[in-house]
Amino acid sequence: MTIELPDARGRLRTYEPRTEPLALATGAPFTSRTVFSAAHVVADPYADTTPDSPAAVDWDATLAFRRHLWSHGLGVAEAMDTAQRGMGLDWAGAAELIRRSAAEAKAVGGRIACGVGTDQIAFGTLAEVRAAYEEQLALVEESGAQAILMASRALASAAKSPDDYLEVYGHLLRQAAEPVILHWLGPMFDPALEGYWGSSDLDAATDTFLEVIAAHPDKIDGIKVSLLDAGREVALRRRLPQGVRCYTGDDFHYPELIAGDEQGFSHALLGIFDPLGPLAAEAVRVLDTGNTDGFRALLDPTVELSRHLFQAPTRFYKTGVVFLAWLAGHQSHFAMVGGLQSARSLPHLARAYELADGLGLFPDPKLAEDRMRTLLHLYGVTP
């Protein structure tokens, strides 16, 4: 059986889907790396919502997907940009997501870290930014989850100098009950974060970032770097204080960064590990045995799919992530909060299907094929 898929030039090409998935078993957490998957949310497709209304979430399907990730030994990075924070999911929805996911993690013994931001406010003074951060930090700590201090659009707008970042982050780190993960999200993921850490010069921004870390190393478990620049990440992780981890957020270069070199390696906190979860887990277990070549042999072929999903405008990668979750049978529909399912073209989605199918990511390839055919039919593509 073959399927006709549209390409970027609007022409149909023939693709033969695979018939067998990869055999990927569940398993315990890893020993050589700490690995989080940022996880998407499943919308409630029957809710009567508009693009500007609060998100309606299918909580059963959303939590079931987190159990899927935990079953493969992955940690869950909750309420991050993969969960459409600031792109369909507001703070009220994120707060409920944090509460529910943290309770589920406790029930099943899964590791969880949750995003702490300032999305209660669009703009504000530095004092208001601090207060917004504090509210979210308190909720995450009360839930029993580890905190991830996310980059803040409101802080990027309010800050006038690097000193403002030093003051706000210093204040938060001093009051954090447990070590946190700091997240540097580049403007390719969110244009409102241009000039974060007080400068559009990345060298200067890096110096400020490191100054924050150096002042509070006991309060920082690690840093997540999402700049899509492998060389910069390696240089940064070599300058970290002893005991502070680097969690790669580079969805373009993750195999080489996780594998590392003679001077160190990155742990992982990645959106691409949402669709790659079982395969990524298998690869890290191979790495746990010391087999770096085997790890790369499994994970290197996934980079083409990741680069496709995260192609510019990168912030819309969530559409491809949810699309693949639908094809894989993790949810019954391809709908997203905020209507974001419309953010990528049919040729883009068709190529995502082809690449994911080629990797054997779909537990039921026939289901994925049938759902792809349904989408093609809705777009007017006939056999």
Side-chain angles (χ1 to χ4, degrees), residues 22 24-30 32-42 62 64-85 101 105 110-115 146 148 181 183 185 189 222 224-226 228 230 233 245-260 265-288 295-296 298-310 314 317-325 327-328 330-331 352 355-356 359-363:
L22 287 179
L24 299 169
T26 58
F30 319 115
S32 64
R33 304 290 188 274
T34 300
V35 181
F36 290 95
S37 168
H40 74 280
V41 292
V42 182
T62 293
F65 187 76
R66 280 129 184 86
R67 291 193 296 273
H68 155 73
L69 294 173
W70 285 318
S71 75
H72 285 276
L74 296 156
V76 169
E78 188 57 277
M80 304 291 288
D81 59 299
T82 304
Q84 295 182 244
R85 289 286 291 271
S101 291
R111 182 165 184 169
I112 188 168
C114 298
Q146 184 177 17
I148 303 171
I181 298 173
H183 186 191
L185 189 68
F189 288 93
K224 169 176 159 56
V225 186
S226 300
L228 304 183
E233 178 174 322
R245 303 175 184 180
C246 180
Y247 292 92
T248 187
D250 189 330
D251 301 280
F252 285 5
H253 308 98
Y254 51 93
E256 65 196 71
L257 290 165
I258 296 170
F265 57 82
S266 295
H267 299 270
L269 199 166
L270 289 160
I272 191 56
F273 281 5
D274 179 303
L276 290 184
L279 179 54
E282 180 71 15
V284 177
R285 287 196 179 87
V286 171
L287 186 61
D288 285 347
F295 166 79
R296 294 294 298 267
L298 282 170
L299 214 54
D300 282 0
T302 68
V303 172
E304 185 178 6
L305 170 63
S306 188
R307 291 189 175 210
H308 177 73
L309 295 182
F310 285 78
T314 300
Y317 75 88
K318 296 95 166 171
T319 300
V321 165
V322 174
F323 173 65
L324 294 182
L327 294 184
H330 294 299
Q331 55 194 80
L355 291 169
L359 292 167
L361 294 185
F362 301 129

side-chain contact (heavy atoms from CB on, under 4.5 Å) between L269 and I148, intermediate numbers included: CA-CA 11 Å; L269 199 166; I148 303 171; 3.9 Å; yes

Expected output: side-chain R307 to main-chain F252 donor-acceptor under 3.5 Å: yes

Distance, nearest 0.5 Å, that separates CG of L361 from CG of L279: 6.0 Å

Worked check of side-chain contact (heavy atoms from CB on, under 4.5 Å) between L74 and F30: CA-CA 8 Å; L74 296 156; F30 319 115; 3.9 Å; yes

Nearest heavy atoms of D250 and A230, plus distance in Å: OD2-N, 3.5 Å

H330 and H68 aromatic ring geometry - parallel, tilted or perpendicular at 30°/60° bounds: tilted

side-chain contact (heavy atoms from CB on, under 4.5 Å) between Y254 and T302, intermediate numbers included: CA-CA 10 Å; Y254 51 93; T302 68; 2.6 Å; yes

R33 side chain vs A259 backbone, donor-acceptor pair below 3.5 Å: yes

4.5 Å side-chain heavy-atom contact, Q331 and F65: no

Short side-chain to backbone donor-acceptor contact, R245 and T34, under 3.5 Å: no

Between Y317 and T82, a side-chain donor and acceptor under 3.5 Å: yes

Single hit among H267, K224, E233 for side chain to side chain contact (heavy atoms under 4.5 Å, CB included) with C246: E233

Donor + acceptor pair across side chains of D274, S37 (<3.5 Å): no

CD1-CZ distance between I272 and F310, expressed to the nearest 0.5 angstrom: 5.0 Å

Heavy-atom side-chain contact between L270 and T248 under 4.5 Å: yes

Atom pair CZ (F265) and CG (L287), whose distance is rounded to the nearest 0.5 Å: 8.5 Å

Contact summary for L228 and D251, nearest pair of heavy atoms: CD2-N, 3.6 Å

Shortest non-hydrogen contact from P275 toward L324: CB-CD1, 4.0 Å

Distance, nearest 0.5 Å, that separates OG1 of T319 from NE2 of H40: 11.5 Å

Heavy-atom closest pair, residues L299 and P255: O-CG, 4.0 Å

Derivation and outcome, side-chain contact (heavy atoms from CB on, under 4.5 Å), residues F36 and I181: CA-CA 12 Å; F36 290 95; I181 298 173; 4.2 Å; yes

Nearest atoms (heavy-atom pairs only) where K318 meets D81: CE-O, 2.8 Å

Shortest non-hydrogen contact from E78 toward S101: OE2-OG, 2.5 Å

